[in-house]
Visitor: 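My questions will all concern the structure given below.
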Amino acid sequence: MIRGKTLRLSAAAAGAAVLLTASSPARAANSILLSALLPGLGQAQQGHYTKATIFGTAAIASWIGVFASQINYSRSVDKYENEKRTYLAYQDQIDNGTVVKSSDVDATYTAMSDAFNTADDQEKWRNMFVGALVVTYGLNIVDIILSRPDTGEVKEPATSMEIQKDGFRVVRTFSF
């Protein structure tokens, strides 16, 4: 109960609560599963909130880029196909004896070439965003596999200074 009101959890929320409170090996597997669903979720579960923000933001930006560039690519291909149909229709008009201005043919060809180049550029952008998404997911999974949950334990500093009678000594500690 929260301040006199009953808290009701949906099945999904209850499942997520079980995932978040699971034992260490199961929790590691759950972190991998969560990170596979959306980069950053596994890091958040382990208490690495900065990494979670970075991976989550990169994934969301990549997904938005993929969708936006796919829409632009599809529009550019449609425009190219329309210009191509118009350009090829000039041959039918000429075969039927219709007079066609060469300036119209040239303008249509230029528009068709421009639409093709735009579609090619949009395809490159889409592929770049897909690559960024793959890299984000890959690095995210590798990070989850290699990192340990944040236990809240304060680690001793890697470099410390010891004061002695005759001066001081700097000590460097390495831990793996």
Side-chain angles (χ1 to χ4, degrees), residues 7-20 22 26-150:
L7 177 66
R8 295 182 188 188
L9 294 176
S10 67
V18 169
L19 287 176
L20 292 173
R27 190 171 178 156
N30 291 334
S31 294
I32 293 171
L33 177 64
L34 287 172
S35 282
L37 292 174
L38 180 66
L41 287 180
Q43 283 83 357
Q45 181 191 26
Q46 289 185 348
H48 302 286
Y49 300 112
T50 303
K51 287 182 187 179
T53 302
I54 292 169
F55 282 121
T57 302
I60 290 169
S62 296
W63 274 114
I64 290 170
V66 166
F67 289 126
S69 60
Q70 179 61 40
I71 290 168
N72 289 337
Y73 172 71
S74 296
R75 288 178 181 164
S76 298
V77 168
D78 290 344
K79 184 175 179 181
Y80 167 74
E81 291 296 330
N82 289 335
E83 294 296 336
K84 180 178 161 186
R85 258 187 249 109
T86 302
Y87 182 75
L88 294 175
Y90 286 134
Q91 184 63 45
D92 291 337
Q93 291 175 2
I94 292 170
D95 291 344
N96 292 333
T98 305
V99 176
V100 178
K101 294 181 187 177
S102 65
S103 61
D104 290 345
V105 174
D106 290 340
T108 303
Y109 181 80
T110 301
M112 181 179 68
S113 295
D114 291 344
F116 180 84
N117 291 335
T118 301
D120 192 43
D121 291 342
Q122 292 301 325
E123 182 182 29
K124 289 175 186 172
W125 276 104
R126 183 198 59 195
N127 293 343
M128 182 193 70
F129 281 116
V130 168
L133 192 59
V134 168
V135 168
T136 299
Y137 269 88
L139 289 175
N140 170 57
I141 296 297
V142 168
D143 179 67
I144 278 295
I145 291 170
L146 296 179
S147 68
R148 296 186 180 127
D150 186 8

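Small disclaimer: the values here were computed from a predicted structure and weren't measured.
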Visitor: Once rounded to the nearest 0.5 Å, what's the spacing between atom CZ of Phe55 and atom CD1 of Ile60?
Guide: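 Result: 13.5 Å between the selected atoms.
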Visitor: Just verifying a value: how many Å separate Ile32 CD1 and Ile141 CD1, rounded to the nearest 0.5 Å?
Guide: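 These two atoms lie 7.0 Å from each other.
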Visitor: State which residue, out of Asn127, Ile71, Val130, fulfils the side chain to side chain contact (heavy atoms under 4.5 Å, CB included) condition with Val66.
Guide: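 Only one option passes, and that is Val130.
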Visitor: Does atom OH of Tyr109 have more than 12 heavy-atom neighbours from other groups under 6.0 Å away?
Guide: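 Incorrect, the count does not exceed 12.
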Visitor: In terms of ring plane angle, is the pair Phe67 and Trp63 parallel, tilted or perpendicular, where the classes change at 30° and 60°?
Guide: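 Correct class here is parallel.
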Visitor: Is the backbone of Asp92 close enough, under 3.5 Å, to the side chain of Asn96 for a donor and an acceptor to pair up by distance?
Guide: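 Yes; judged by distance alone, with no hydrogens or angles, the pair exists.
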Visitor: Nearest 0.5 Å, please: how far is CE in Met112 from CD in Glu81?
Guide: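 Going from the CD atom of Glu81 to the CE atom of Met112 covers 10.0 Å.
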Visitor: Looking just at side-chain N and O atoms, do Gln122 and Thr118 make a donor-acceptor pair shorter than 3.5 Å?
Guide: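 No, no side-chain donor-acceptor contact under 3.5 Å.
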Visitor: Looking at CD1 of Ile144 and CG of Leu139, how far apart are the two atoms once the value is rounded to the nearest 0.5 Å?
Guide: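 Taking CD1 in Ile144 and CG in Leu139, the distance rounds to 12.5 Å.
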Visitor: Apply side-chain contact (heavy atoms from CB on, under 4.5 Å) to residues Lys84 and Tyr87 and explain how you reach the verdict.
Guide: CA-CA 5 Å; Lys84 180 178 161 186; Tyr87 182 75; 5.6 Å; no
Visitor: Might you point out which heavy atoms bring Ala132 and Ser62 nearest each other, and give the distance in Å?
Guide: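 Here Ala132 and Ser62 meet closest at CB-OG, 3.7 Å.
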Visitor: What I'd like to find out is whether the side chain of Leu34 reaches to under 4.5 Å of the side chain of Leu38, using heavy atoms alone.
Guide: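 The answer is no; the side chains never approach within 4.5 Å.
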Visitor: Could you measure the distance from the CZ atom of Arg126 to the OH atom of Tyr73? Nearest 0.5 Å is fine.
Guide: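 One gets 5.5 Å once the value is rounded to the nearest 0.5 Å.
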Visitor: What closest approach, in Å, do Asn140 and Ser35 show between heavy atoms, and which atom pair accounts for it?
Guide: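 Looks like ND2-O, 2.9 Å.
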Visitor: To the nearest 0.5 Å, tell me how far Glu83 CD sits from Thr86 OG1.
Guide: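 With rounding to 0.5 Å, CD (Glu83) is 5.5 Å from OG1 (Thr86).
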Visitor: May I ask you to check whether Gln43 and Asp143 show a side-chain donor-acceptor distance below 3.5 Å?
Guide: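 The criterion, which ignores hydrogens and geometry beyond distance, is satisfied for Asp143 and Gln43.
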Visitor: So, Ser31 and Gln45: side-chain donor and acceptor under 3.5 Å apart, yes or no?
Guide: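 Yes, side-chain donor-acceptor contact under 3.5 Å.
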Visitor: Just wondering, more than 12 heavy atoms not from Tyr137 lying within 6.0 Å of its OH?
Guide: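 Yes, because the 6.0 Å sphere around OH of Tyr137 holds more than 12 heavy atoms from other groups.
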Visitor: How far apart are the C-alpha atoms of Gln46 and Ser147, what are their side-chain angles, what is the distance that settles it, and do they pass the side-chain contact (heavy atoms from CB on, under 4.5 Å) test?
Guide: CA-CA 9 Å; Gln46 289 185 348; Ser147 68; 3.1 Å; yes
